[in-house]
S.K.: 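What follows is a structure written as structure tokens; I'll ask about it next.
If you read the sequence from its start, that first residue is 1, and numbering goes on from there. None of these values were measured; they are calculated from a predicted model.
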Amino acid sequence: MAEITFEIVKKIEVLSTTEKGWSKELNLVSWNGREPKFDLRDWSEDHQKMGKGVTFSKEEMEKLKEALNNYEE
């Protein structure tokens with residue numbers, strides 16, 4: 001299995017933190033040296049371990065932002 005590399009280019013927001021120290025974060029992350037994408041996932045305190053997450057291109061993030069701004073319950 002190939003090694004996955006990552007670099008957190010910019011920390012944007014910590015959405016929540018658990019009692020065990022893991023935090024759900026929105027960051028700009030470069031995976032395997034590629035163009036950075038918006039990334040939403042759980043991270044350990046030292047950012048060496050991560051949970052499953054989802055990545056968004058700039059265009060996808062703009063659509064998500066628009067959808068959230070228009071969201072009404």
S.K.: Please set out all donor-acceptor pairs under 3.5 angstrom arising from side-chain atoms of residues 46-53, sequence neighbours excluded.
M.R.:
| unit_1 | atom_1 | unit_2 | atom_2 | d |
| --- | --- | --- | --- | --- |
| Asp46 | OD1 | Ser44 | OG | 2.7 |
| Asp46 | OD1 | Gln48 | N | 3.0 |
| His47 | NE2 | Glu25 | OE1 | 3.1 |
| His47 | NE2 | Glu25 | OE2 | 3.0 |

S.K.: Rounded at 0.5 Å granularity, tell me how far OG in Ser23 sits from CG in Leu15.
M.R.: 9.0 Å
S.K.: Please, which pairs that meet side-chain hydrogen bond (donor to acceptor under 3.5 Å, both in side chains) have at least one residue in residues 3-13, sequence neighbours excluded?
M.R.: Thr5-Asn32
S.K.: To the nearest 0.5 angstrom, please state how far the CZ atom of Phe56 sits from the CG atom of Leu26.
M.R.: 8.5 Å
S.K.: Under 4.5 Å between any side-chain heavy atoms of Val14 and Lys24, yes or no?
M.R.: no
S.K.: Would you say that Leu40 contacts Thr55 through its side chain, given a criterion of any heavy-atom pair below 4.5 Å between the two side chains?
M.R.: no
S.K.: In plain terms, say whether Arg41 and Asp39 are close enough for a salt bridge, that is, a side-chain N and a carboxylate O under 4.0 Å apart.
M.R.: yes
S.K.: Going by ring-ring contact (aromatic ring centres under 6.0 Å, His included), name the pairs with one or both residues in residues 14-41, residues two or more places apart or in two chains.
M.R.: Phe6-Trp31
S.K.: Side-chain donor-acceptor pairs under 3.5 Å in residues 64-73, sequence neighbours left out?
M.R.:
| unit_1 | atom_1 | unit_2 | atom_2 | d |
| --- | --- | --- | --- | --- |
| Asn69 | ND2 | Lys65 | O | 3.4 |
| Asn70 | ND2 | Glu66 | O | 3.2 |

S.K.: Looking at Ser30 and Arg34, would you say the former's side chain and the latter's main chain have a donor-acceptor pair under 3.5 Å?
M.R.: yes
S.K.: Do Val29 and Val54 belong together in a cluster built from hydrophobic side chains that touch within less than 4.5 Å?
M.R.: no
S.K.: Using the test salt bridge (charged side-chain N to carboxylate O under 4.0 Å, His left out), find all partners of Lys63 that sit at least two apart in sequence or belong to another chain.
M.R.: none
S.K.: Name all residues meeting the side chain to side chain contact (heavy atoms under 4.5 Å, CB included) criterion together with Glu45; count only those two or more places apart in sequence or in a different chain, and write none if there are none.
M.R.: none
S.K.: How many angstroms lie between CD1 in Ile12 and CG in Asn27, if you round to the nearest 0.5 Å?
M.R.: 6.5 Å
